[in-house]
Amino acid sequence: MEDVKIPKGKKGGDDNDTAFVTAQNGDTVICQYEGQLDDGTVFDAAPKFDFVLGAGDVIKGWDQGVLGMAVGQVRKLTVPPALGYGKRGALPEIPPNATLHFVITLKQILQSSR
């Protein structure tokens with residue numbers, strides 16, 4: 001499992017991985033994930049979740065952290081508040097200024113026309 005910490009203003013992804021088709025902005029990606037708070041509390045999980053990468057459908061940490069993943073790849077993302085839910089949080093599950101921890105498995109990429 002790859003551990004990726006997403007600092008504010010830094011993009012995720014594997015620029016050097018050319019052996020596989022990787023998720024790019026505009027692709028629809030299908031993931032399995034679990035999200036935890038710093039104390040280990042699971043606040044959300046799904047066996048199947050899809051979104052358009054780079055379209056702003058999810059928190060910025062996900063758009064940046066899923067970029068460059070290949071099908072079957074597992075990443076552990078550590079998302080700072082500025083790329084998650086920030087000062088407002090997402091009450092009651094996610095408190096303000098929470099650092100979020102996700103384990104994401106990329107299940108499928110539906111490529112946009114590149």
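For this chain, numbers begin at 1 and follow the sequence in order. Hydrogens, waters and symmetry mates are skipped; everything else that's a heavy atom, side chains included, is used. The shown structure was predicted, so the numbers you read here are calculated from the model rather than taken from an experiment.
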Beyond-backbone contact of I59 with L83, side-chain heavy atoms, under 4.5 angstrom: no
Measuring only between side-chain heavy atoms, which start at C-beta, is D27 closer than 4.5 Å to L110? no
Connected via hydrophobic side-chain network under 4.5 Å: V58 and L67: yes
Hydrophobic clusters here meaning ILVMFWY residues chained together by side-chain heavy-atom distances under 4.5 Å, can you tell me if V71 and W62 are in one? yes
Distance (rounded to the nearest 0.5 Å) between L37 CG and E93 CD: 9.5 Å
About how many Å separate SG of C31 and NZ of K48, when rounded to the nearest 0.5 Å? 11.5 Å
Which heavy atom of Q111 sits nearest a heavy atom of V21, and at what distance? NE2-CG1, 2.8 Å
Under the criterion ring-ring contact (aromatic ring centres under 6.0 Å, His included), which of F49, F43, F51 is the partner of Y33? F49
Apply side-chain contact (heavy atoms from CB on, under 4.5 Å) to P96 and list each qualifying residue two or more places apart in sequence or on a separate chain. L91
When you measure from the side chain of D63 to the backbone of G54, do you find a donor-acceptor pair of N or O atoms at a distance under 3.5 Å? yes
Determine yes or no for a side-chain-to-main-chain donor-acceptor pair under 3.5 angstrom, with D44 supplying the side chain and G35 the backbone. no
List the steps and the verdict of side chain to side chain contact (heavy atoms under 4.5 Å, CB included) for K87 and N97. CA-CA 5 Å; K87 294 177 185 176; N97 297 311; 3.6 Å; yes
Tabulate below the donor-acceptor pairs under 3.5 Å that side-chain atoms of residues 99-107 make, not counting sequence neighbours, or state none.
residue: H101; atom: NE2; partner: D38; partner atom: OD1; Å: 2.5
residue: K107; atom: NZ; partner: Q32; partner atom: OE1; Å: 3.3

